[in-house]
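First up is the structure itself, then whatever we jot down about it.
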Amino acid sequence: MSAVATPGDGAPLIELVNLGKRFGEGANQVVAVKGVDMALQKGEFVTLIGPSGSGKSTLFNMIAGLLAPDEDGSVVFNGRKQKHGELLGKVSFMPQRDLLLPWRTVLDNAIVALEVEGLRKAEARDKARALFPEFGLAGFEDKYPHELSGGMRQRVALIRTFLFERDLILLDEPFGALDALTRSLMQRWLLDIWAHHKRTILFITHDIDEAIFLGDKVAVMSTRPGTIKYSETIDLPRPRKAEVTTSAAFSSIKKRLLAVVEEESLKSFETVKKSPC
Ligand SMILES: Nc1ncnc2c1ncn2[C@@H]1O[C@H](COP(=O)(O)OP(=O)(O)OP(=O)(O)O)[C@@H](O)[C@H]1O
Ligand SMILES: [Mg+2]
């Protein structure tokens, strides 16, 4: 059973209104994100794609409450406009790097957020241990991060993110470092987990196939200043199997998205050529 919210079944979980972020002052100012408007319904899986440096991680940092947006924009969460600082802790967030602590076992890495929330260690470990089989990590609880493969490390970081039980999950290129085969296994696995846990997910990727395969909607960010240049609802039926990626419907969505992404990537390349620093 899919957790997809049907249109019109209530107010969005989160709304970004004219969201922007400038870094620095005067001649050194960088407008990383500008005028982003976007809404996510409860249970929706939205993928975000765009050239490197287009402001995707900056956008995530604002949604997670780690970075204050420029004053003219806002984040509305569960119908309430959020003041700076209020969002912190309301969203679970997997940053672009897995950030596992090398001196902690895998199990103790998984419980970091629960410990910060004040849960007793024994209780936190029990909760985490229960998820290890579902995340394909049974038997690895007492290993250290350096003893795991890249895919396994990503799953530990994902357990940690899922254990921090918030309605909205932000995943910043969680499969970026994986080979194609492991990546496709992880994508199908993530869709199963999402359907089972019924969370709302915003997922950054550089991979168009991944964005289409996973998303209810794909949003494309423009080159800097990053804004939502294009978005498309993905009507491919769920549950999705690997074969869907070779269907005619998939190819025609990909063709449209590729045109927008390539245009933006070329622009960002031109910008880098003009000012290589
Ligand atoms: N703390 C900061 N101070 C100054 N500039 C920043 C800061 N964080 C990000 N930037 C700039 O904002 C722009 C957007 O960066 P961001 O990391 O959001 O891009 P991205 O789309 O996530 O890129 P990638 O796909 O490579 O991860 C870049 O030009 C970056 O140099
Ligand atoms: Mg990034």
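In listed order, ligands and their atoms are each counted from 1. Heads up: numbering here begins at 1 and tracks the sequence.
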Q: Look at the aromatic rings of Phe45 and Phe203 and report parallel, tilted or perpendicular, splitting at 30° and 60°.
A: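 Judged by the thresholds at 30° and 60°, the geometry between Phe45 and Phe203 is tilted.
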Q: Verify, without hydrogens or angle tests, whether Glu123 (side chain) and Arg120 (backbone) share a donor-acceptor contact under 3.5 angstrom.
A: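 No, because the side chain of Glu123 does not come within donor-acceptor range (under 3.5 Å) of the backbone of Arg120.
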**Q.** Side-chain donor/acceptor of Thr200 to backbone N/O of Gly43, under 3.5 Å
**A.**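 Such a contact is found between Thr200 side chain and Gly43 backbone.
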Specify the protein heavy atom at minimum distance from [atom]: its residue, its atom name, and the distance to 0.1 Å.
atom                    : answer
atom 17 (O) of ligand 1 : Ser57 CB, 3.8 Å
atom 25 (O) of ligand 1 : Lys56 NZ, 2.8 Å
atom 14 (C) of ligand 1 : Gly53 O, 3.5 Å
atom 27 (O) of ligand 1 : Gln96 NE2, 2.9 Å

Q: Give a yes/no answer: is there an N/O/S atom of Ser57 under 2.8 Å from the Mg ion (ligand 2)?
A: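 A backbone or side-chain N, O or S atom of Ser57 is under 2.8 Å from the Mg ion (ligand 2).
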Q: Would you mind finding which of Ser54, Pro51, Gly55, Ser52 brings a heavy atom closest to atom 24 (P) of ligand 1?
A: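 Residue with the shortest heavy-atom distance to the ligand atom: Ser52.
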Counting from 1, what ligand 1 atoms have a heavy atom of [X] closer than 4.0 Å?
X      : value
His206 : 25 (O)
Ala32  : 12 (O), 13 (C)
Thr58  : 9 (C), 14 (C), 15 (O), 16 (P), 18 (O)

Q: Establish whether Ile253 and Val218 are linked, either directly or via other cluster members, by ILVMFWY side-chain heavy-atom contacts under 4.5 Å.
A: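 Ile253 and Val218: one cluster.
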**Q.** Minimum-distance pair of heavy atoms, taken over all atoms of Leu163 and Leu114
**A.**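 Scanning both residues completely, I find the closest heavy atoms to be O-CD2, 3.5 Å.
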**Q.** Nearest-0.5 Å distance that lies between atom CD in Glu210 and atom OG1 in Thr47
**A.**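 Those atoms lie 8.5 Å apart.
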Q. Is there a side-chain contact between Lys127 and Leu119, using heavy atoms and a 4.5 Å cut-off?
A.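 Of all side-chain heavy-atom pairs linking Leu119 with Lys127, at least one is under 4.5 Å.
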Q) Does Met221 approach ligand 1 within less than 4.0 angstrom via side chain, backbone, both or neither, non-hydrogen atoms only? A)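 For Met221, no heavy atom sits under 4.0 Å from ligand 1.
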**Q.** Under-4.0 Å protein heavy-atom contact, atom 30 (C) of ligand 1
**A.**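 Flag for atom 30 (C) of ligand 1 set to false, no protein heavy atom closer than 4.0 Å.
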Q: Could you tell me whether Phe23 and ligand 1 have an N or O pair separated by under 3.5 Å?
A: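 No.
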Q) Side chains of Asp209 and Thr245: donor-acceptor distance under 3.5 Å anywhere? A)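 On atom types as modelled, these side chains do not qualify, holding no pair under 3.5 Å.
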